Number of protein chains: 2
Amino acid sequence: MSDKREHILTSAEKLFAEKGFDGTSVRDIAQQAGVNLAMISYYFGSKEKLLEALIEFRAMYAYGILEELNKNESLSPWDKIDRLVEFYVDRILNNLPFHNIMYQESATNYRSEEIKQKVIKIKMRNLDQITKIIADGQQRRLFRQVDIPMTVGTIMGTISSYTQSRTYSCLILALQEDTSDETYRSRLAVRLKSHLKHLLRAHLDIRNEVEPQS
Amino acid sequence: MSDKREHILTSAEKLFAEKGFDGTSVRDIAQQAGVNLAMISYYFGSKEKLLEALIEFRAMYAYGILEELNKNESLSPWDKIDRLVEFYVDRILNNLPFHNIMYQESATNYRSEEIKQKVIKIKMRNLDQITKIIADGQQRRLFRQVDIPMTVGTIMGTISSYTQSRTYSCLILALQEDTSDETYRSRLAVRLKSHLKHLLRAHLDIRNEVEPQS
DNA sequence: ATAATTCAATTAAACGTTTGTTTAATTCAA
DNA sequence: TTGAATTAAACAAACGTTTAATTGAATTAT
């Protein structure tokens, strides 16, 4: 992929994440990337095809790491859970703009079939990988028979609820809104990882056989 | 509030939830509501003020129920947690369009100060109410010293991760996409409530003193 | 080695729609 | 008769996309 094409993609990524797809004009993107307006159509064909290309471009990031985690037989299911949390929190915090685009796009039905399918494919890939780890722990009688898809929703939803709105996160983390990206991300990472590890440990541990009252 | 004004608000709500604020035109809204285009400016002044009015209109829904829950001294903290889950799941599933708008709007910074403040105020209200319940349980030595804001993120995030995309939810629930709204919501409600009750029971119970390995 | 050719890259300008908003005339019940 | 409600029409600006001309570096021919 040419440098210029990639530069347009990352420029668009930044704007889509901040202002949304419909809130971003092709002229915004051209200006942000420092290229002529017509280059977007020239390279991608249309604004929607540009979004499609962006998803294609980013969807490949970090492929394989989770597969490796699953195949590593020297790790206990508990180790895998901890590494899973580390991996997801880091990956999302290091790709905040793209994650915010996925966050927004998965909530709308008004995109091309290609885009909708790509978005859902990414979600299903996450679901599958985490499912394998939890199911393995259940088979070894270490984990309770929790609702796996709901547990995946808990992991992703917890992270998303703190990555979608920087204003809100900064309030919770007691940070000023103009804190540097690096400080913000590392504080949030520590907090999210610690919480999710405690949460999943209590939630999954087969020794915690608790029943809701109702 | 006049009938017509309210009718425009609910028409806009439906469209904003489906297509997003920027993806919805004032002409879309006028057509959906069956009123003349100029009536939107006449009643609300602008498209953004209409969104502001919508948030104002909906923000009041179910005010007071949580306060009541907090004041009810005959309920144990565990009872309150279960009722909290019931309340939130039902409230969100019965107000899906508005919840989806909040979901989208909390992810963007490109709205008027008034709108951004209203959105964050709603989030803080939720945080405060749940905080009181959990802190009460902690004081009574029933709950562990969990990270309360993160736990609130887990509750809201888990629900949101299954309300944002009907396509994804239907895949998980093994439902066809054209299932009736009623069936869809009741199935999802059962699943979410059960999961969240189990999750919070294990997470909060002071007897589950587990430490992450790392 | 130089000139001619070629074609992808780039540009400014324009295309026809659609956008949010306003205007000025009209309706209609009080 | 008054004034709020409603309308069709128009507004300028912004939208996504296309066009047609131009650049410029690599390739080919002389």
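Each chain gets a letter, A, B and so on, in the order the sequences are listed, and its residues count up from 1. For clarity, every value in this text was computed on a predicted model and none was experimentally measured. Atom set for the values below is all heavy atoms of this structure, side chains included, hydrogens, waters and symmetry mates excluded.
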Options [options], nucleotide nearest the side-chain atoms of [X]:
X: B:L37; options: D:dA10, D:dT18, C:dT10; answer: D:dA10
X: B:K47; options: D:dT7, C:dT11, C:dG20; answer: C:dG20
X: B:Y42; options: D:dA8, D:dT6, C:dA9; answer: D:dT6

Task: Any residue of residues 23-30 of chain A with a heavy atom less than 4.0 Å from an atom of DNA chain D - done: A:T24, A:S25, A:V26, A:R27
Please check if any side-chain donor atom of [X] sits under 3.5 Å from a side-chain acceptor atom of [Y], or the reverse.
X: B:T163; Y: B:S160; value: no
X: B:Y110; Y: B:D22; value: no
X: A:T167; Y: A:E177; value: yes
X: A:T131; Y: A:D128; value: no
X: B:Y42; Y: B:N36; value: no

Open item on the list: Taking pairing as Watson-Crick or G-U wobble with both contacts under 3.5 Å, can you name the mate of C:dA29, or confirm there isn't one?
Closed with: D:dT2
Task: Interface residues of residues 107-119 of chain B with DNA chain C (non-hydrogen, below 4.0 angstrom) - done: none
Task: Partner of A:H203 by ring-ring contact (aromatic ring centres under 6.0 Å, His included), out of B:H195, B:H198, B:H203 - done: B:H195
Task: Between C:dG20 (P) and B:I40 (CD1): distance, integer Å - done: 10 Å
Task: Sub-4.5 Å side-chain heavy-atom contact between B:R5 and B:F44 - done: yes
Task: Side-chain touch B:K116/B:S106, heavy atoms, less than 4.5 angstrom - done: no
